[in-house]
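To start, the structure under review is shown below, and the notes come after it.
Chain letters run A, B, ... following the sequence lines, proteins first, then strands; residues in each count from 1.
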Number of protein chains: 2
Amino acid sequence: MTELATTGTDLPRLRELNSLSIVRALRDQPPSTVTELSQRTGLSRPAVDVIAQGLVADGWATVLEPGANSAVGRPARRYQFRATAGHVLGIDVGVHKILALLSDLDGNIVHSVRQSVAADAPPADRLAELDNVISACLTGAGKAPADIWAVTVAVTGAVDASGRTSFFTPLPGWGDVDLTGHLASRFACPVQVENDCKLAAVAERWQGAASDANDIVYVLAGMRTGAGLILDGVLRRGYGGAAGEIGALKHVRWLNAPAHLQNCPGVPDTVGPDDAAAWVFNAAREGDKAARTAVSRYVKDLAVGAAALVLALDPQVVILGGGFSRSADLILNALRQELQRLCLRMPEVRASTLGADSVALGALKLSLNEVDDRLFSAGLSAPVAPRRK
Amino acid sequence: MTELATTGTDLPRLRELNSLSIVRALRDQPPSTVTELSQRTGLSRPAVDVIAQGLVADGWATVLEPGANSAVGRPARRYQFRATAGHVLGIDVGVHKILALLSDLDGNIVHSVRQSVAADAPPADRLAELDNVISACLTGAGKAPADIWAVTVAVTGAVDASGRTSFFTPLPGWGDVDLTGHLASRFACPVQVENDCKLAAVAERWQGAASDANDIVYVLAGMRTGAGLILDGVLRRGYGGAAGEIGALKHVRWLNAPAHLQNCPGVPDTVGPDDAAAWVFNAAREGDKAARTAVSRYVKDLAVGAAALVLALDPQVVILGGGFSRSADLILNALRQELQRLCLRMPEVRASTLGADSVALGALKLSLNEVDDRLFSAGLSAPVAPRRK
DNA sequence: CCGATTTTGTAAAGATCAAAGCGTATTAGG
DNA sequence: CCTAATACGCTTTGATCTTTACAAAATCGG
């Protein structure tokens, strides 16, 4: 059941609700006239007028005085959501790189900073690098920490309620790092830490291959294999934040699936372990027999875990993401065939369209969601950076 | 993000919202005074007063004139939600029996009818039996079809959007039955058809072993093995209604798991195939070596599928339901051990507390949810049976 | 170039609703 | 029997939205 507020609504609250309606009608729209807003919200024109003026006074909207007007009649003032009232951060702390995105409330990316990190860097160094990237991103955009309304950081491994990756993480020593606490000392706004697969899934639904779907299984296919789940349009974290970790089940052969590619016979010694998979995909594309069987075996193993998720959740679409999605041409059809064989109801299978930045993008989106949730649940005062509760 | 209505709110709508607040505050509570309601909703006492009188006039509430009053002061009139304004049906069409429950809007069961059916009865006979049970239940409660506000029917097998069990069902010929259509000719109210495992899960959350949890994996352990998923307090159907069908994956050994019990050496010929499992559990309880290993093997296979669901969804609690949950004393600890071995984060594992009626109870709850959703989204006119859209 | 038309902006009036305040009814306890 | 406490019902007040009306600003047609 929808958990509506059980509290009654008085007149000031009514104004607040209607203000929120107007804000909603303003967002993700070109600058709108009062008449348009009136039609969109069902409120009368005078009511919209006073509310819009109030929003401008509070800083939530800006006015565009009428200029050239193609239509007949008196040209209308236009109101616009002031997306620059606040900004949010989305950060991907990956194994090899750190990427920070800073955007306004509409999700327009204002500034981004990328910095490569050694895969075996100790936690302290990685945290220091993270701090540098954040600083660079803030100064690059001309913002102070107090201007940021929400921060989301992506890390690898299942994230528990405290923001730690205590179950497992490929980053050495990272399981004990209190990332939330570390960032909380710098930002007064809400700080979230979330798993990278989950955030990539969010990004694909936001701007990627799954923008039309509400039930999504995102499979991260790379040197690690993971999954992110979106059901009914909402990211599912699980009770302890470990949803999607189907790869931990031995009967599902995700753990060793990439080994088929790494250990494929014929890979030259000159190719490093991280590039072996790319070499195998290329070789398979050119017809190399051993490479083709390696890819085939990899997909078969990948499909078992994907099928488990599909059978468990019956999604509309399965998104193939991660580093190997660059070779989707070799994987997608085989994956479809395997899923068809294993599943009851066949979902669509699509390749990611966002590439490697999807994780940071998903983090950004989660920050935006956080802001929206506060905005639309708490009420509408003047725009200021929210503080953690 | 919460998908609030984008429409503005005017004064009549405000009254409606506040009326709904009062209805909420009235439900599942002992008869309440105006002052109590005022405190519960935050509305002023006069406002609550006029709204409550309106609810009485519309038929949503009844007045209890003041009688003996323990407290000091003038005794207050008490208002009570009129749960008998409407009634709903929850029906379980099982393999061996049909069970119909009829309740008022508070979920108080007014009448129930149970009728056994031959497992191999053809669909036409089963439908006729269903019609009889419904008629008996209605007349037994003194109700007409027009008095029923929602109907939910539980069937075995994954239910698609049309209410058919086209993927699979153990009932012979049932895959083609258009149950929704069949019932729609009799009831003008909304009719839902849903999978039995899913409904059992709903029931356990409503009144059973999982009433404190929002993320639940319900495992139906019986001659068939199935699952129902509740995430964030909401039943998950999946895009095509086939969520939870992890048993279809061969790597998960649910299909053949009960065979360990049925084919256990030592079962006397006098025991039929349906009772073999019960015999084995009893024998195991008394120390029979072969029976114990059979149970152990069964649990090991059951745990693989349960672990797949737990890893995929990371629930708070796993509920063991179905016929075999009567032998939870033999299963639960072994299941816990296996899950501990297989999973990342260990959920609680509990046995069902509702028994065989849970499916019909879950169907009833879904009907109640349907009514609530309409009530709290559409608005509050005089109480009449809702019609299908 | 000027008036008709259309659309916008704004003001005033009317309606609805909730809050606040106040007098009255009813009961308990001394 | 009388006082205090509690609850009820009514009236007044204030806030909000809608309707209606009218002035302002632009285009269109002659």
- Query: F81(A) and D106(A): which non-hydrogen atoms are nearest, and at how many Å?
  - Reply: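 F81(A) and D106(A) have their closest heavy atoms at CD2-OD1, 3.7 Å.
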- Item | Toward the 5' end of DNA chain C, by each residue's nearest nucleotide, V48(B) or R45(B) |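 Residue closer to the 5' terminus by nearest nucleotide: V48(B).
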Within this structure, what is the [atom1]-to-[atom2] distance between [X] and [N], rounded to whole angstrom?
X	N	atom1	atom2	answer
D49(A)	dT19(D)	CG	C1'	15 Å
I51(A)	dC17(D)	CD1	C1'	9 Å
L17(A)	dC17(C)	CG	P	16 Å
L14(A)	dC17(C)	CG	P	11 Å
Q39(A)	dT8(C)	CD	P	8 Å
L11(A)	dT16(D)	CG	C1'	5 Å
E36(A)	dT7(C)	CD	P	13 Å
R78(A)	dG9(C)	CZ	C1'	15 Å

- Message: Ignoring hydrogens and geometry beyond distance, is the side chain of R74(A) in donor-acceptor contact with the base of dT7(C) at under 3.5 Å?
- Response: no
- C189(A) side, atom SG; L89(A) side, atom CG - distance, nearest 0.5 Å: 7.5 Å
- Which of the following nucleotides, dC10(D), dT20(D), dT8(C), is nearest to the side chain of P46(B)? dC10(D)
- Counting side-chain heavy atoms from C-beta on, which of dA18(C), dT10(C), dT18(D) comes nearest to R77(A)?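 From the listed options, dT10(C) comes nearest.
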Just N and O in the side chain of [X]: are any of them under 4.0 Å from OP1 or OP2 of [N]?
X	N	value
R13(B)	dC17(C)	no
R15(B)	dT16(C)	no
N18(A)	dC17(D)	yes
Q53(A)	dT10(C)	yes

- Checking all strands, does T35(B) fall into the base, sugar-phosphate, or nothing category for heavy-atom contacts under 4.0 angstrom? sugar-phosphate
- Side-chain heavy atoms of V50(A) within contact of R15(A), under 4.5 Å: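 A side-chain contact under 4.5 Å exists here.
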- Between R78(A) and P31(A), is there a donor-acceptor pair closer than 3.5 Å when you use the side chain of the first and the backbone of the second?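 Such a contact is found between R78(A) side chain and P31(A) backbone.
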- Task: Would you mind checking if D232(A) and R236(B) are paired as a salt bridge, meaning a charged N to carboxylate O distance below 4.0 Å?
- Result: yes
